[in-house]
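Working notes, beginning with the structure itself.
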Amino acid sequence: MTWRLAYWIIFACALGVYGTMLGWTLPAVSAGADGLVPFDMRPGGYTGEEARQFLAALSDEGRMIYLGPQHKLDLVYPTLLAVVLIGASWALVPARGLAAVLIAAALVGAGADYLENLRVSGLLTYEGEVTDSMVAAANQATLIKSGATTLAMCGVLVALISAGWRKWIRR
């Protein structure tokens, strides 16, 4: 198997996992919380009050989906996304320094996503009222994940547009 084929298989897997989360688990979690948005889908973060409101509204079924299928999918998604972004950064960004920055951002985003998952699990399983410091720790991971992943994705998008433009100009 060539590296190119392996990359596109990983890309397809990443899309499949993300599509499953967007089409099934995250809407089910949201429905189980009276329509409130799950922590993973709040790129701008959340306050202690917003987190407690979500946790209070979350049904037992919604909590089971969040801790079960959603977190199982989110065990593989950060790595798949990081591989896709790293491969695209390396292939599309000729400036190796900039490619390295985008690769680092993809790795930081994946690491923060895993940390977010651990901290959100803690919020979901904590017996008693979660503290502001617990929420702040989970929120920090969410913000880092969102910022780093956005940086890597925007860099890849700009590189893709630039490569397409250069190819179109040469015609």
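Values below: all heavy atoms of this structure, side chains included; hydrogens, waters and symmetry mates excluded. Residue numbers count from 1 along this sequence.
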Practice item. State which residues pass ring-ring contact (aromatic ring centres under 6.0 Å, His included) with Tyr66; sequence neighbours excluded, sorted by chain then number. Key: His71

**Study point:** Ring-face cation of Arg170 near Trp165 (centre distance under 6.0 Å, axis angle within 45°)
**Key:** no

Point to revise | Greater than 12 external heavy atoms within 6.0 Å of Met134's CE | key: yes

Review point. Does Leu15 have any side chain to side chain contact (heavy atoms under 4.5 Å, CB included) partners at least two apart in sequence or in another chain, and if so, which?
Key: Phe11

Point to revise | ILVMFWY cluster, Tyr18 and Leu73 together (side-chain gap under 4.5 Å) | key: yes

Study note, to complete from the structure: Value for CG (Asn117) from NZ (Lys145), rounded to nearest 0.5 Å, stands at 7.5 Å

Exercise for review: Sort out for me which residue in Val108, Asp113, Leu81 forms a side chain to side chain contact (heavy atoms under 4.5 Å, CB included) with Thr149.
Suggested key: Leu81

Review point. Honestly curious: do Val101 and Leu157 fall in one hydrophobic cluster under the side-chain, below-4.5 Å linking rule?
Key: no

Exercise for review: Evaluate the criterion side chain to side chain contact (heavy atoms under 4.5 Å, CB included) for residue pair Thr142 and Asp40; output intermediate values, then yes/no.
Suggested key: CA-CA 7 Å; Thr142 298; Asp40 304 70; over 6 Å; no

Review point. Say you draw a straight line from CE of Met21 to CG of Leu26; how long is it, rounded to the nearest 0.5 Å?
Key: 6.5 Å

Revision key, fill the gap. Smallest heavy-atom separation, Ala33 atom then Phe54 atom, equals CB-CE1, 3.5 Å

Review point. Is the closest side-chain heavy-atom distance between Leu36 and Arg42 below 4.5 Å?
Key: yes

Study note, to complete from the structure: Scanning both residues in full, the closest heavy-atom pair of Tyr77 with Ala14 reads CE1-O, 3.7 Å

Exercise for review: Answer yes if Tyr7 and Leu80 sit in the same cluster of Ile, Leu, Val, Met, Phe, Trp and Tyr residues linked by side chain heavy atoms under 4.5 Å apart, and no otherwise.
Suggested key: yes

Check your understanding: For the hydrophobic clusters of this structure (ILVMFWY residues joined by side-chain heavy atoms under 4.5 Å, transitively), does one cluster hold both Met41 and Phe39?
Key -> no

**Study point:** Listed partners of Asp34 passing side chain to side chain donor-acceptor pair (under 3.5 Å), at least two apart
**Key:** none

Review point. Of all heavy-atom pairs between Leu22 and Pro27, which one has the smallest distance, and what is that distance?
Key: O-CG, 3.0 Å

Check your understanding: Gln140 and Arg119: side chain to side chain contact (heavy atoms under 4.5 Å, CB included), yes or no, with the steps?
Key -> CA-CA 10 Å; Gln140 180 183 38; Arg119 290 178 174 172; 4.0 Å; yes

Point to revise | Test log, rule side chain to side chain contact (heavy atoms under 4.5 Å, CB included), inputs Asp74 and Val17 | key: CA-CA 8 Å; Asp74 219 3; Val17 170; over 6 Å; no

Exercise for review: Quick one: pull up CD in Gln70 and CG in Leu124 and give me the separation to the nearest 0.5 Å.
Suggested key: 10.5 Å

Practice item. Return yes if some donor-acceptor pair links the side-chain N/O of Asp132 with the main-chain N/O of Gly48 below 3.5 Å, else return no. Key: no

Check your understanding: From Ile10 CD1 over to Ile86 CD1, what is the distance, rounded to the nearest 0.5 angstrom?
Key -> 10.5 Å

Point to revise | Closest heavy-atom pair and its distance - Arg52, Val130 | key: NH1-O, 3.1 Å

Review point. Say you draw a straight line from CG of Leu92 to CG of Leu98; how long is it, rounded to the nearest 0.5 Å?
Key: 11.0 Å

Review point. What pair of heavy atoms forms the shortest contact from Gly45 to Glu50, and how long is it?
Key: O-OE1, 4.3 Å

**Study point:** Distance, nearest 0.5 Å, that separates CG of Leu107 from CG of Leu102
**Key:** 11.0 Å

**Study point:** Arg96 to Trp90 - nearest heavy-atom pair and separation
**Key:** NH1-O, 2.9 Å

Review point. Any sub-3.5 Å donor-acceptor pair from Ser162's side-chain atoms to Val158's backbone N or O?
Key: no

Exercise for review: Determine, step by step, whether Thr79 and Tyr114 satisfy the side chain to side chain donor-acceptor pair (under 3.5 Å) criterion, reporting the C-alpha distance in whole Å, the side-chain angles of both residues, the deciding distance to 0.1 Å, and the verdict.
Suggested key: CA-CA 9 Å; Thr79 297; Tyr114 286 117; 2.7 Å; yes

Point to revise | Path from Met153 to Leu151 over hydrophobic side-chain contacts below 4.5 Å | key: no

